[in-house]
Amino acid sequence: MLQTFLKTALRNLLKNKKHALLNVLGLSVALAACIIVFLVIRYETSYDKHLKNYKNIYEVVTKDIDESGENYTVGIPFPAIKFLRQDFPQYQFAQIMVNYGGQVTARAEGQPVGKKFYERTGTFYAEPAAAKMFELKFLSGDEKVLDDVNSVALSQSTAEKYFGNWKDAVGKRINTDNAQYDLQVAAIFEDVPENSDFPFKIISSYKGFETHNEAGWPLDDWGANSSNHQIYMVIPPGANTATFEQYLTQFEKKYNKNNIDAKRTHFLQPLSNIHFDDRLSNNGQHITTKRSLYTLAFVGLLVILMACINFINLSTALAVTRSKEVGIRKVMGSSRTQLRVQVFFETALVVGSAACIALIISYIALPYVKNVFAAQGKLNLFTIDSLLFLLVITLVTIFLSGVYPAFIMGKFKPVEAIKNKINTSRVGSISLRRALVVLQFAFSQIFIIATVIAVSQMNFIRNADLGFTKEAILTIQMNADSVTRSRLNAFKDELLKRNDVKQVSFSFDAPSSQNSWASNFAFDKMEDKKFSVNLKMADENYIKTYDLKLAAGRFYNMSDTAREYVVNETLVKKCGFNNPKDALGKMLRLGGRRPMEVVGVVKDFKQQSLREAVLPIAIYPSKRWYQTAGIKLSTNNLVKSNTEIQQLWDKTFPEYVYQSSFLDDNINEYYQQEQRLSLMYKIYAALAIFISCLGLYGLISFMVVQKTKEVGIRKVLGASVQSIMYLFSKEFTVLIAIAFVLAAPAAWYLMHSWLKDFAYRIEIGAGVFAIAIAVSVIIAWITVGYKSLRAALANPVKSLRTE
Amino acid sequence: MIKITDLEKYYRTEEVETIALNKLSIEVKEGEFVAVMGPSGCGKSTLLNILGLLDDPDGGSFVFNGIEVAGFNERKRADLRKKNIGFVFQSFNLIDELTVFENVELPLIYNNVKAADRKKRVEEVLDNLKIMHRRNHYPQQLSGGQQQRVAVARAVVNNPKLILADEPTGNLDSSNGNEVMQLLTELNEKGTTIVMVTHSEHDARYSHRIIRMLDGHSVTENILI
C-alpha cells in the first residue's frame, strides 16, 4: 500500500513540479528559520545552567528610589557583607569585585619587561567562597589560594595565552590591575563555559583588593555603591526566601544610619534571572530579555504558519485537478481513511524533503547567526535536541499542512470526482482560502511595518543630536595612577604637535559612557536633594574637545582639583530654576565635600543611551580620576592617525598597553540588542514577504487555470487585456486591503511598546503604514502580473476548446 | 443477484428538484448480460451509480446478493464494492500517474492482496487481454482501444461477480468498440454478470436483455435470447 502511495506521490510531485517547488522552497526556508530561532533561544536560556546549584544561587541587588523613579543596580555597599553574615550565618555568602578592563603583564623569568595584555572582561577579586559557589574546577591548586593576597588563579586558556602551557604558568608572576598589582600564579582552573555570565579568567584574592585598594574605593562607606562590587549567596532548597527578602527591605534602615528615609532597599535576584533582567547589568557579554526571546519564538511560529498556509492553499487548489484520481481510487475500493493517509503521506514527503533542505540552509546560515548573536561555539546544529526539535516541528507542520487537504479530498463524492465535476467552489469554502491569504498578508505587513519603524528608530538614534560631537574622536583608556599622571602633560604636548590633532582632553569618561558615578548633593540651600547627581571629572578642554555648548556662564579654568563646578540644564531645572543664569554663583556641595560655586551651565547632552533620560550632571576637574583621553582629530585617515598615536603612546607609556576606540563606535555598542532586533526584523520581513509571494504565485497560477474558460468567453465577447488583468488583480488587492486593516493596529501596538523603551524616539507616522501597504500591493501585483498577463494574452479559441 | 424495487433518487439544487429515478424496479439474475438504454437524462447513469454502490438511493429497496444495501454508509458500500464489482467507463478513467500494470493492480491493493499474488494475477489478466507488452507504459502512451482494454483488465482482475459498464465503446471507433464488446461477451460467458449502459443499438445486441428507460422509470424490456 505505502509503495503505491510513494509512487503516486512522487509522480504527482513531478507532474506538478512548480507547485512542489513552491511548497518545498517555502517550507524549507520557514523550517530553517525555526531551527535557527530554536538554537538561539536554547543558547540564550542555557546560561549558567551547568551549575549544580543553578536554582539556589541568588545575587543581592539594590533598588534606589528617588524623584526620578526607581534605579536598579547590581552593586551593594562595601560594609553590607559583614552584617549579612552576622545575621544569617546559616547561609553561604560570597562577594566579588569586578575589574572592568585593564592591563595584565605576564612576566617571563629573567626578562625585565613582560608581555602586555589587555583584558576587557574576566578579571575579578573574589573570596574563596565565590570559586566554590560558581563551581570552578581546579586543574592545579584550589580555591584556598584566594585567601592569599599575593596569589592569583588563572583559567586554563588565559594561562596558555600568557605562558604557552598552563602547567608552566604555575609559580610565574603577573601584574594585574593595570600593572599595579604583583601576583604569583598559584592555581589554574578549567575555562568557564561560553554560556556563562561569570566569565572568570583572572581571579585574585578579595582580601588583596581590600589591602591594596589603589583606586581608593570607600570600603567603609555606605553611601558609595558601585556595580563592580557584588554579593552572591546560596539559599538551600526548602529554605524560605521570603523571610530573607523581607529582611533585605529593612537592611539599610537597620545598619546604614544615613539612609534615613530608606530610599535604598535590596532584593534577591535569582541566578536564573540574571541573563534576562535588563533593569540590571551582568558580568557577561549581554543581557537578553525574555520578551525579546518570546518575540523571536513568536516570529518563528508566524513564519512556519505562513508556509503551512501556502501548503494548504496550494494543495486544496491542486486537489481539484486530482479529483479524477481520487474518484477512481474510491471506485476501486479505497476508503476515506486510506485516501487521507495517502494525502498525509504526500504531505510528509514534501515537508520531509523541505526539512532536509532546511537543515542544509541552517547549516549555511549558522556562521552568520553566530556572528549576530556573538555565540561562537555553542550554537550546534547537530545535537540530539536540535534534531529532535526539527523532527517535532516537521511532524507538527505535516499535521497542520496535511489535515485540511486530507479532510477535503476524503470528502470528494466518487461520482462527481470521476466526472470532473469538482471545481474550486466545492473544494472547501473559498472564503477559508481567502481568509488564509488575508492572514498571510497581515503577517507580512506586520513585519514590514515593524521593520520600517525599527530601522527608522535606529537611524534616529544614529543621527540624533547627542549634545556633543562623537565623530572623529579617539578615546584611549589610561591608568589612573601616579606614573600616568606624571606623564599626562608631556603626552598631551606631543599630541598637540600633530597636525591632525585638534584638541585633547583628559577625563574620567567621555560625555556619553556606560560608566556612571552618582553622588548625593546639595544645591543653593545646603540640605541634601532627594535625587542624586552624576559626576563627570574632566579637565578644562572637555568642553572644546567634545563641543559641549554653554547655556550660561563659563567653563572652569585649568586646575588639578575642583575649585568651581559646571552643571547641566537638567540639574538647574530639577532644582527649581527656570533660567540657567539664575544658577550661576550658587553653591553646590557634593557628598560630604566643601561647597563650591557653580560658574557655568552646559546645555543638556545625552550621558547614556537614548533609552535613558538626561540626568542631573556636575562637571569638575579632578586629575586623580582621569582615565580617558579624548582626542579630537581632523583627518580623513583615522586608521593612520590611530596607528601613529599608538607609536606615541608606546614611547610615552612603554609599560602600558594601548587601548583605543572611536567614540561613535562605543556609542553604537549601547544599541547592540536593538541592532540585533532590527536586523532580525529585516530578515524575517524578507522571509515573510518571500513566503507570501510564493503562496500568491501558486494561487494565481491555479486561478488562471480555473478561469481559463471565463477568460476565453470574456475575450470572445470583447474584453480587453487590461480588463482581464484587472479581473485577476482586483481580488488580491481587496484581500491586501483587508489584511492591512488587521495588520496596522497590531503592528502599531507592538512597535509602540517597543519604542516605549527609548526616552528619545520617533513618532509612528502615517508614512510607515503607507509604505507597508504600498510595498505589499506592488509585490502582489508583480507576482500576479506576469501570470495574469499570460492568461489575458492567451488565444480564446484554445482556452474554449478544452470544454 | 440484483433486485431493486421502487427505487427513487432526487437531485436538489436550491430552487429545483429533479427526479432522476422514479419508483424504478428491475431485477438482474446472476450470469445475465443486461443493456440499459434510453435518451440523455433518463436516469441511466444514476441507476448505474446506485448499482455500483457509488451513490445512495433516496427511497426504495436495493437487494444485492441477498443483502439489503439501501442506506449503507460509505464505508460499508466501499467494502462491498471493492469485493464484488468491477467498473468500465466511457472515458476509461485510468490514473495518469500510474503505469498499465499499476492501474490494473489498484483494486487488488485495496483488497489487501499480497504483492506476489498481485503480480501473478495482474500478469495473468494482462496476458489474457493481450496487453502484456504494454505493462510499463502510461495511459497517455496508449490508443483509446488499448486504454479501454486496460480498464477492462482492471475491472476483472479481482474476479468480481458484477461488471458495470458505462458506455464502454463511447470513445472508441467501431473496430476497437467491437473488440471491447467481444471481451465483455467472453467474460459473461465465463459467468460474470454484466450491466451495461449504452446509446448504441449495435452494442446492445451483444446483451441478453435490453431495459429501456424514460424519465426515471423502465418502459420496456426486450429479451434478445
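Naming convention: chains lettered A, B, ... in sequence-line order (proteins, then strands); numbering from 1 in each chain.
- For residues 11-20 of chain A, heavy-atom neighbours of chain B at less than 4.5 Å comprise A/Arg11, A/Asn12, A/Lys15, sorted by residue number.
- Residues B/Thr18 and B/Tyr10 form no side-chain contact, since every pair of their non-hydrogen atoms from C-beta on lies 4.5 Å or further apart.
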Practice task
Begin from the C-alpha positions of A/Gln440 and A/Asn310 and carry the test side-chain hydrogen bond (donor to acceptor under 3.5 Å, both in side chains) through to its verdict.
Solution key: CA-CA 9 Å; A/Gln440 257 190 341; A/Asn310 271 359; 2.6 Å; yes
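- When all heavy atoms of B/Phe62 and B/Leu53 are compared, the closest pair comes out as CE2-CD2, 4.0 Å.
- Within the 4.5 angstrom heavy-atom criterion, atoms from both the backbone and the side chain of B/Glu97 approach chain A.
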Problem - Criterion salt bridge (charged side-chain N to carboxylate O under 4.0 Å, His left out) on B/Glu105 and B/Lys119, from CA distance to verdict - result: CA-CA 8 Å; B/Glu105 190 188 20; B/Lys119 187 163 181 284; over 6 Å; no
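- The choice from B/Asn93, B/Leu98, B/Ile109, B/Asp79 that makes the most heavy-atom pairs within less than 4.5 Å of chain A is B/Asn93.
- Using cut-offs of 30° and 60° on the angle between ring planes, the pair B/Phe87 and B/Phe89 is parallel.
- The CD atom of B/Glu8 sits 12.0 Å away from the OG atom of B/Ser61 when rounded to the nearest 0.5 Å.
- Legend: residues meeting side-chain hydrogen bond (donor to acceptor under 3.5 Å, both in side chains) with B/Thr169, ordered by chain and number and at least two apart, are B/Asp203.
- Ranked by heavy-atom pairs under 4.5 Å with chain B, the list A/Thr337, A/Thr8, A/Val331 is led by A/Val331.
- Heavy atoms of B/Leu94 lying under 4.5 Å from chain A belong exclusively to its backbone.
- The distance from atom CG of A/Leu390 to atom CG of A/Leu395, rounded to the nearest 0.5 Å, is 9.5 Å.
- Neither the backbone nor the side chain of B/Arg77 has a heavy atom closer than 4.5 Å to any heavy atom of chain A.
- No part of B/Phe92 comes within reach of chain A, as not one of its non-hydrogen atoms sits under 4.5 angstrom from that chain.
- For B/Asn158, no part lies near chain A; criterion is any non-hydrogen pair under 4.5 Å.
- Proximity to chain B (any heavy atom under 4.5 Å) is shown, for A/Glu325, by both the backbone and the side chain.
- For B/Asn111, no part lies near chain A; criterion is any non-hydrogen pair under 4.5 Å.
- In this structure, the side chain of B/Glu186 does not engage the main chain of B/Leu183 through any donor-acceptor pair within 3.5 Å.
- Residues B/Pro57 and B/Ala70 share a closest heavy-atom pair of CG-CB, 3.9 Å.
- The contact between B/Ser45 and chain A is made entirely by side chain atoms (from C-beta outward), counting heavy-atom distances below 4.5 Å.
- Closest approach of B/Ser207 to B/Val34, counting heavy atoms only: CB-C, 4.2 Å.
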